[in-house]
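These values consider heavy atoms only, across backbone and side chains, with no hydrogens, waters or symmetry-generated copies. Per chain, numbering begins at 1; letters A, B, ... match sequence-line order.
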Amino acid sequence: MQPEFNPSEIEAKWQKKWEEKKVYEMDFKKAKDPYYCLVMFPYPSGARLHVGHWYMYSVPDSFSRFQKMRGKDVFHPMGFDAFGLPAENFAISTGTPPAESTEGNVGVMIEQFKRMGCMYDWSKTLNTSKPDYYKWTQWLFLKMFEKDLAYRKDANVNWCSGCKTVLANEQVWEGKCERCDTDIILKPMTQWYWKTKEYAQKLLDNLEELDWPEKTKIMQKNWIGRSEGMNFKFKVKDSDVEFEVYDSVPQTFRAQTFAVIAPEHPLLTELIKGQENEQEVLDFIERVKKKKATKKYNFEEDLEGVFTGRYVEFVTGDLPLWVASFAVMDYGTGIVNCSVHDERDFAFAKKYDIPLHVVMVPEDEKEAKKVKNLEYCFTKDPDGIMLEPEEFKGRRWGEVRGDIIKYIEKEGIGYPVVQYRLRDWTISRQRYWGSLIPIVYDPDGKAHPVPEEHLPWKIPIDVEFKPTGTSPIAESKELKKRVEKIFGKGWTPEVDTMDTFVCSSFYQFRFLAENGQKELVPKTVEKKWMPVDMYIGGPEHACMHLIYARFVTMALKDMGHVSVDEPFQKLFHQGLITHKGAKMSKSKDNVVSPDDFVEKYGSDVFRLYMMFMGPFADGGDWNDTGIKGPDRFAKKAYKKIIQSKFGEQSKALTVGLNRTIKKCTEEMEALRFNTAISSLMEFLNLTEKEGIDKDSAETFVKLLAPLAPHLAEELWENLGGKGFVVEQEWPKFDPKLIQSDMVTIAVQVNGKLRGDFEAGSGILEKDAISQAKAVENVKRFIEGNKIKKEIYVEGKLVSFVV
RNA sequence: GCCGCUGUGGUGGAAUGGUAGACACUAGGGACUUAAAAUCCCUUGGACAUUAGUCCGUGCUGGUUCGAGUCCAGCCAGCGGCACCA
């Protein structure tokens, strides 16, 4: 009676053995060939691991195992991004304090990860919501504050009056609260910012060096949005107010006939004070602000404005100043000078009958006439002919830019500047479940850092953690007392917490540290292990986490705390697993529960199937019956190795084996596990015909080890292998042995396949051609025709042109 | 609107410019079985022909090439990101 393949038994057995023998524990100092493979850590939400988790974590685990067998000292850690909304929402819905419920959820997740069979070193896990972690989040804030990279400013936040809470942009759906459907309004609150803009240029420049997907680099580039232009100087007529205006197209500065100012501009109320239509302008500002707050704002439909009654002095004359809905406060200076040569300005001027002045026309006379008659907007055409300024008359828009910039500078009207679309990072959150910002205010309201010795600056627990509007932390009597005791009477705490993206902006360093150490990360270890060699995670973080982590790393480098300015040398985005062609979601009722399948088929088979669906970068579409393929493969492999009477290695098997090694190695290196698995299937199919010898069996098991770790250990043990298969050396192939003795050569006539023949692999070109001519079916096509050309591709193909 | 990616059988997907559809799934047929499951064997892009073979076929239209899923140009469709940025 043969033993049956029993995944749950095998998997439990090997998980226990790995743990007992501490196979995956990493000694940072002893490691000789460090390889840091990091996967974006999960947040505990209270739900069980879903298919996405299994895909995102089990596949990189296979990759890490592959690298380990190739001789790398692989550090592949796992932690928990435990602060933030998902954990807080879970706590609110269950009525359990977040610290407690998060602890429980993390415990459950760890058990599930163990069931997955991942090679995580659990002695080095981390949890961002623990005091020994958030101490460093707060430390980071203090350093930012110290280096003047943190500041306070009033800003509008998304406010839901239903939930009485501030919402993140992601929680606002079409202007409404994702939970209670109430209209969102913008509410001004004082927020802490970090100066990401300060690093905009470096964030852009460094992209060149990174081994990242091109599309992600482009996304970041667009997000940073570098733009070169000029600032023009303005003075408001009959007033002392002066300001500057940014223009990225200075070529047409002579066309400027009016200016617009953003409704949120701080100078605006002063400018309109006492003006005839002051009330009209104020009403307009209110209306636009409200409309913008609904997030339903549409540029074309909602293009509107009102004249302020003021004029600004410019070289082209006195320009009327309008308040306009389309002017953006947080780009440039909040004021725009407008001209006929801009689509939006043009539309606005037409709507309100504002005079326009053409300074550039198309070459074609008819078209030029139309443009002069303001029939349409002529903009940014390299072939446009300049009319003004006089010195540039007749030159083309496309080549005149540099000279005009010099001219403007010389005339003293403006000077060149670089603008970025990237905004400073608002890190304040009016939430309970996060790292408390380590700031206190003196009786005059001035901000002071909490000295490092008081870190971790603990989250108070004497509060209602459900959201009320202000940070729940404001209610804490304990925190108030604590502050007065340390700093003195009348001092008050900052009650906001930090964005969870702060926690995850430096975790790559904290994995390398131990609790109780006096620095963020020990210098020698950091230098040896950073940057991360392979970083894996979803593309949705391209412009959030991946910018923040880069920014924080750069800042830490400049402060001398770390040795690298880029945290992630290589980046890889996993694809998405869909079901029935759609993203899995409860509302579509197409969610696949991994637990049922793991129960039935085991973790190995489940993992194999996910990898087999397609390249890791592409994800795949889940199919309930598709898993049978990898299941049959696992069973066959088990049967083959367990009960085989090993014989001699046939020539064909030698070739097959060497090819399989080559293919597996190349495909796994590129994270294309689907083709690695199919090559192993092909090899196993080949053994049905050719039989198998012990040597091939051992090699096969090693190749299988990263993909089906438990099964491979079991088979390795059965083969009498020493130690763990995951600790074995990765097989090497012999290039001489991937060529078989006989090859099939295809014959084409005029590019169409007409036959083939068998030949020795060393066949000479002239023999191949003469044999090709002799192929029965080929004869039919070349007979009676003159052969114009004969092409031979070695060992593969003969092609005739007749 | 701008930027990027992707289009291959019934399905997931393979193919350094060189035999399109590897490897699987599904479906159909058969073997074993009292039966089912499991397992094994055969067929499985379409049409004609059923021995040989021929024609068509990788979103569409062209181009380069002896030869194009692959390279180039233009279009169409789907997905993702950004979106009043002066």
Handout entry: Given B:A86, B:C85, B:G18, the nucleotide with the shortest approach to the side chain of A:Val249
Key =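 That would be B:A86.
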Exercise for the section: In whole angstrom, give me the gap between the P atoms of B:A36 and B:A31. Expected result: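 My reading of the P atoms in B:A36 and B:A31 gives 12 Å.
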Handout entry: Pairwise C1' distance for B:G45 and B:U11, with rounding to whole Å
Key =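 Per the computed distance, 13 Å lies between those C1' atoms.
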Whole-Å gap separating [atom2] ([N]) and [atom1] ([X]):
| X | N | atom1 | atom2 | answer |
| --- | --- | --- | --- | --- |
| A:Lys380 | B:G1 | NZ | P | 17 Å |
| A:Asp618 | B:C79 | CG | P | 17 Å |
| A:Arg754 | B:G18 | CZ | C1' | 16 Å |
| A:Asn685 | B:U39 | CG | P | 14 Å |
| A:His265 | B:C85 | NE2 | P | 17 Å |

Handout entry: Check: A:Phe597 ring centre within less than 6.0 Å of A:Trp54 ring centre
Key =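 No, the ring centres sit 6.0 Å or more apart.
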How is [X] classified with respect to the nucleic acid when contacts are heavy atoms under 4.0 Å: base, sugar-phosphate, or nothing?
| X | result |
| --- | --- |
| A:Ile218 | sugar-phosphate |
| A:Ser799 | base |
| A:Asn777 | sugar-phosphate |
| A:Lys636 | sugar-phosphate |
| A:Lys752 | sugar-phosphate |

Are OP1 or OP2 of [N] and a side-chain N or O of [X] less than 4.0 angstrom apart?
| X | N | answer |
| --- | --- | --- |
| A:Ser248 | B:A86 | yes |
| A:Lys215 | B:G4 | no |
| A:Tyr246 | B:C85 | no |

Practice task
With syn defined as a glycosidic angle within 90° of 0 and anti as everything else, classify B:G9.
Solution key: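 In terms of base orientation relative to the sugar, B:G9 is syn.
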Practice task
Could you tell me whether the side chains of A:Arg423 and A:Thr196 share a donor-acceptor contact shorter than 3.5 Å?
Solution key: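 Not at all, the side chains of A:Arg423 and A:Thr196 share no donor-acceptor pair under 3.5 Å.
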Handout entry: Backbone N/O of A:Val340 and side chain of A:Asp345: donor-acceptor pair under 3.5 Å
Key =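 The answer is no, because no donor-acceptor pair under 3.5 Å joins these two groups.
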Problem - A:His357 versus A:Ala255, closest heavy-atom pair with distance - result: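 Between these two residues, the closest heavy atoms are O-CB, 3.2 Å.
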